[in-house]
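Reading through the structure tokens given below for one structure.
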Amino acid sequence: MDIERKWQKKWEKAEIFQANPHGDKKLFLTVAYPYPSGAMHIGHGRTYTVPDVYARFKRMQGYNVLFPMAWHVTGAPVIGIARRIQRRDPWTLKVYQKVHKVPPKELEKFTDPEYIVEYFSKEYKRIMKAMGYSIDWRREFKTTDPQYQKFIAWQIKKLKKRGLIRKGEHPVKYCPECENPVGDHDLLEGEGVAINQLTILKFKLRDSYLVAATFRPETIFGVTNLWLNPKEKYIEVKVDGEKWIISEKSYKNLSQQKKDMKFVEEVNPEELVGSNVKNPMTGEEHPILPAYFVDPEYGTGIVFSVPAHAPADYIALQDLKKDRKLQKKYKLENIERIKPVNVITTEGYGECPACETIEKFKIKNQKDPRLDDATNELYKIEHAKGKMSQHIPEYSDKPVAEAREEIAEHLKSEGKADEIFDFAEHPVICRCGSRCIVKIMENQWFIKYSDKEWKNLTLKCLNSLKIIPEEVKANFEYYIEWLDDWACARRIGLGTPLPWDPKWIIEPLSDSTIYMSYYTIAPHLKRLPANDLNDKFFDKIFLGQDNKLKIDEKLANKISNEFNYWYPLDWRLSAKDLIGNHLTFHLFHHSAIFPPSKWPKGIVVFGMGLLEGKKMSSSKGNVVLLSDAIEAHGADVVRLFLMSSAEPWQDFDWREKEVIGTKRRLEWFREFGDKISNMIGSKRLSVSKTPEPSSFIGKWMMARINLRIREATKALEGFQTRRAVQEAFFLLRKDVDHYMKRIGDHVDEEVKDVLRYLLSVWIRLMAPFIPHTAEEMWEKYGGDGFVSEAPWPKLHEEFISLEVQRAEEIVQDTIKDIMEIKKILNIAPEKVHVYVAPDWKWRVLEMAYDMDKPDIGALMGRAISEGIHDDKKELVDFIKRILKDTLRGEYPGRVDEYRILSDAKDYIEKEVNAEIIIHEDAEYDPEGKAKNAIPYKPAIYLE
RNA sequence: GCGGGGGUGCCCGAGCUGGCCAAAGGGGACAGGCUUAGGACCUGUUGGCGUAGGCCUACCAGGGUUCGAAUCCCUGCCCCCGCACCA
């Protein structure tokens, strides 16, 4: 732990992560800046470690790397949090005490939203430093800085000038008590509940209308009656000169959507029951009937009944038919005569799909909880596969999905229908305790992502960049296509006011689309008065316009040059769930504001974090704080674990047990360093000198080291951190273990050279992942300067010889074969005879590889004609054998098996615990085993 | 519903441009070494069968292409994620 702090201080003092323009190999990467409303947990740890690892890797490769960080403090959540803290809301207090571990003294100050973000951004910064991130902190800013606000104002004005901003209205979740729109985090109940658009159909009753809300306007042709709940209160309201009858409970919601809606009087639902209303489509008369399943809060509290297609309607009708008392009470007659009317034909269903569904689900009455499932199932099937039935005028044979739209449009245009919004589920309750409603926000500002031309430009931008992983590209395409106009301003929260309509605050996703460019100039702007940073200034800096500025021209040129040096952004990293908004906006805005040469060049998308297999969630307390993890295991362990347990775009799972396993492996690495340095003496690591061993195993080790360099480098280039760690650590470790076993105690100069080289390479390969440990070892074993600035291990492709690796495989396979035979025979032989394949077998093999499609006949023919081997029986047996399983893949080339095995003789003897006799000719072969030898697979005889 | 991604050995997870895949790596379990019995560490085993290095059964289920499929195609079942004004 002290080691980690020590190196963090040294880095800071040496300013090695401060990036200034120089040289032409630059790399600029950013990761989504945090919204500091809570403590940093291990999920965040992964998010910020990935870019750090990549930044460190690229720095070692000689790039001038810029990795900056800032704080996204714009938005509403902290306002709500502060309010709840002030109110001493027990749930909020508990979360902040127990989950975010805020000390009581600090928590007291959390009634100020600004303080919350200040507290947590400090905390974040502290932990980011403790994690060893190679961030250039000079560029730090927060999104409420006056200079940044100037930048945001410039950006949004730019869009407005391009005609990409418009005004309109928009439905939102709204708390009438707080008089504010509410987000999911503001809710006590009803998180994630969607807002649905419903069609309302007007059924005329005398001089007023009963308005029924529905998702399925197309079923209007199958209406048999209307339902209302006689236990609830109903009222008459005036809308646009019309009289509507709705439930009292729906009034609150609807009155926020129909601005001129006025309460007129209460209506007794009991008196309505039994009267007839007129169908707006067909003009038929339908009776109003009582039903208790009708939810007065949902829609309008009035439902029209389509018993053929709605299970609830059907069962309610059945219930009513059985209930003589109720019929009598409301003087209902001819109830029996009401029959379901089919309107939709769906394959697999008959005249009355609702009846069939009721039977399938075995539903007894309208109080059955399974009724929802039944309704849902039928709804989905009919929507997906249903067609309007033959007898329906104008719409017959039309798919339901189409007919639905057309019918609603048609009725609306005739004034017989309207639309409203409602929550998909009730209730939705604000943290203040009151029920939320859907409110139509008027005069809302929108960014016009629906603009066709803009979409095309953005698609072009998308096609010009690299996306990791590639699969999510389809996702981007989909979102660009699908994205509609975005409400880009809010009435509450921290942020930048809209320049032309300052009572609106620019919404947080809209103010973080091109801010990466801001990092490139942030250090300078900090020292300039915000008022001097007008639009002309940004036009000059970012777009190269030749403007007269309030600030010194030389300085402005310098700033502009720095922007041009760093931009475009090479990599943007962000989470998977932000593809649909932030990342897509990022592309939209860049394409609208910057020329193609400044468009982003790459995007990396992250997965989520799991904790012991369960989804992490701060609000549920299911998190491990990053600071606790560092405390318990050390930053390098946390880093290594996070990087090795999953690729960035996959979900990772924090399992304490495996974290501890990672810790042990890291300790092993440190100890291994000591072990090696003891073996080779305390000489300097050989960074530039590459050994050239002459022994097989030495060559093999060099091949493996370089193979790992190659693979780890390739993996890191593609942000495959897990793969890189596998190669650079686990697999290399396996190779090294093997090498150590192979050399036994023969430590000669060659071995020392190889080990010195190995250690030097290995520390550097691991440095991006475990920078503190790597620095410590680098220093200890005599590396030059910081390992963070050391050159990335150079790949010597020439060492990666297939032949050398194949040779070692022969040794290993031979041992394995001997062991297997020993096991089967259950004997402990004194001597093991090993026979290598004779020359003629190699020649036949080469011949076989030479042919396009080797078969027995052709091979035999050629072998005989060339007189390769006299014994035809042996020849044909061998050919059969190699045709069966040897001829696969690429021919690795002929190897000198005798030399290889002789070279490894001592080792093999130790492994199999018997004397090894290697035969080039089968001069001693009592059981005739030698004939089994084939290339790469010597014959074996135990005695 | 729309869109995206998946189903691999006890668990996690690689492989999935077809052959060297009974399938990397980790975890767990078992056995042995070490040690004061423990912890840590090291070694080995971890689908079945087998008296000569082999055979059989396996990568959700079913079908197909191929000399050959975990890998390609079709069908079905199941799972996960996003769908907005929320960072």
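First the proteins, then the strands, lettered A, B, ... as listed; each starts at 1.
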When the [atom1] atoms of [N] and [M] are considered, how many whole Å apart are they?
N      : M      : atom1 : answer
A29(B) : G50(B) : P     : 28 Å
C56(B) : C20(B) : P     : 15 Å
C78(B) : U43(B) : C1'   : 42 Å
U66(B) : A61(B) : P     : 23 Å
G68(B) : A31(B) : C1'   : 39 Å
U75(B) : C80(B) : C1'   : 22 Å
G13(B) : A87(B) : P     : 32 Å
A24(B) : U8(B)  : C1'   : 13 Å

> Taking the side chain of W486(A) as its heavy atoms from C-beta onward, which of G53(B), A87(B), C85(B) lies nearest to it?
Replying inline: C85(B)
> Among C86(B), G82(B), A14(B), which is the nearest nucleotide to the side chain of P77(A)?
Replying inline: C86(B)
Residues which pass side chain to side chain donor-acceptor pair (under 3.5 Å) with [X], listed by chain and number, not counting sequence neighbours:
X       : result
Y35(A)  : none
W649(A) : none
R404(A) : E218(A), Y379(A), H383(A)

Would you please say whether a donor-acceptor pair under 3.5 Å links the side chains of [X] and [Y]?
X       : Y       : answer
R722(A) : S644(A) : no
R733(A) : H738(A) : no
Q805(A) : R704(A) : yes
H170(A) : D485(A) : no

>> If you compare every side-chain N and O of Q720(A) against the phosphate oxygens of A14(B) (OP1, OP2), does one of them come in below 4.0 Å?
In response: no
So what does [X] touch, heavy atoms closer than 4.0 Å: a base, only the sugar-phosphate, or nothing?
X       : result
Q444(A) : nothing
A32(A)  : nothing
L578(A) : base
H170(A) : base
D813(A) : nothing
K822(A) : nothing
P938(A) : base
I827(A) : nothing

Considering only nitrogen or oxygen atoms on both sides, find all protein atoms under 3.5 Å from nucleotides 3-9 of chain B and state each distance.
from	atom 1	to	atom 2	distance (Å)
G4(B)	O2'	N475(A)	ND2	3.2

> In Watson-Crick or G-U wobble terms, both distances under 3.5 Å, what is the partner of C30(B)?
Replying inline: G44(B)
Separation of [X] atom [atom1] from [N] atom [atom2], in whole Å?
X       : N      : atom1 : atom2 : value
I79(A)  : C86(B) : CD1   : P     : 13 Å
R491(A) : C86(B) : CZ    : P     : 14 Å
K741(A) : C42(B) : NZ    : C1'   : 11 Å
I81(A)  : A87(B) : CD1   : P     : 11 Å
M616(A) : A87(B) : CE    : P     : 21 Å
Y936(A) : C20(B) : OH    : C1'   : 11 Å
H833(A) : G53(B) : NE2   : P     : 18 Å
R490(A) : A87(B) : CZ    : P     : 6 Å

>> Reading RNA chain B from 5' onward, which residue's closest nucleotide shows up sooner: A933(A) or R655(A)?
In response: R655(A)
> For RNA chain B, whose closest nucleotide is more 5', that of N581(A) or that of E647(A)?
Replying inline: E647(A)
>> Is the distance between the ring centroids of F585(A) and W486(A) under 6.0 Å?
In response: yes
> Does F729(A) have its ring centroid less than 6.0 Å away from the ring centroid of F769(A)?
Replying inline: no
> For the side chain of T143(A) and the backbone of V73(A), is there at least one donor-acceptor N/O pair under 3.5 Å apart?
Replying inline: yes
>> If we ignore hydrogens and angles and just use 3.5 Å, is the side chain of K455(A) paired with the main-chain N or O of Y449(A) as donor and acceptor?
In response: yes
> With under 30° as parallel and over 60° as perpendicular, where do the rings of Y33(A) and H72(A) fit, or are they tilted in between?
Replying inline: parallel
> With under 30° as parallel and over 60° as perpendicular, where do the rings of H41(A) and H44(A) fit, or are they tilted in between?
Replying inline: tilted
>> Atom CD of residue position E477(A) - does it have more than 12 heavy atoms of other residues, nucleotides or ligands inside 6.0 Å?
In response: yes
> Just by protein heavy atoms under 4.0 Å, how would nucleotides 23-31 of chain B read 5' to 3' in B, S and -?
Replying inline: -BSSS----
Atom pairs, N/O to N/O, protein against nucleotides 50-52 of chain B, distance under 3.5 Å?
from	atom 1	to	atom 2	distance (Å)
A52(B)	N6	L942(A)	O	3.3
A52(B)	N1	I940(A)	O	3.3
A52(B)	N1	L942(A)	N	3.1

